[in-house]
Amino acid sequence: TPAAAGNLQKIRHGLARGVMTAISGIMILLSTLMLSNLAEEKSNKVIEVLAAAIPIDAVFYGKLIAMLGISLVGIAVWGGTLAGAYIFVQLVQDWVSLSRADPAVGWSVFVILAILYYITTFMLLGAVSLCIGAQANNIRDIQTLTLPVSMLPATVFMLAMMVVGREFDLLAVR
């Protein structure tokens, strides 16, 4: 964005911040949903039935991939709803011109990178959440163990916000 004009640069920074905020929020919410889901299955003795029938690694990977699929479907539904609302607003009223608010790398690369980032971070945080859910015996233990794990994505989010907000050139020495 440093090569962009002033207003366009601000729009791109805002776009980057908004997408990063959405991805981080959705990732944390949906991975903790997976953790509470596993805790509920442990209390209902569903995990013991599954573990008796198939290897525990298969249960772990199956839950992780299934929750990723469920979260991607949810994001697609909400994303489609937001895209439809955006198109509706553009057709009804042309009060904001976001045609210039495209990312520096282009929309196709930006969307692919955002999806890959979400999938990667969800799988990592979801795997840790599943491990915590498998080790904890009750909800209080889960809440105690989840706080340090939640700090890592929050730290990554704050670092990303700091990088997006700062103008710097990696090649220039100041």
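None of the values given here were measured: they were computed from a predicted structure.
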Which of I115, V109, L116 passes side-chain contact (heavy atoms from CB on, under 4.5 Å) with I112? Answer is L116

Nearest heavy-atom neighbours spanning V19 and A114: CG1-CB, 4.4 Å

For T120 and Y117, indicate whether the former's side chain and the latter's backbone hold a donor-acceptor pair under 3.5 Å. no

Cluster check I75, I119: I/L/V/M/F/W/Y, side chain < 4.5 angstrom: yes

If I compare all heavy atoms of A58 with all of I54, which pair ends up nearest, and what's the gap? CB-CD1, 4.5 Å

Closest heavy-atom contact between F122 and L64? CE2-O, 4.3 Å

Test of understanding: clusters of I, L, V, M, F, W, Y form through side-chain heavy atoms closer than 4.5 Å, transitively. Do W78 and V73 belong to the same one? no

Treating Ile, Leu, Val, Met, Phe, Trp and Tyr as nodes and any side-chain heavy-atom pair under 4.5 angstrom as an edge, say whether I65 and V128 lie in one connected cluster. yes

With clusters defined by side-chain heavy atoms of hydrophobic residues (ILVMFWY) lying less than 4.5 Å apart, directly or transitively, does L124 cluster with M20? no

Say whether, by atom type as modelled, one donor and one acceptor occur between the side chain of S24 and the main chain of T21 under 3.5 angstrom. no

Single-linkage hydrophobic cluster, 4.5 Å side-chain cutoff, V111 and Y118 together: yes

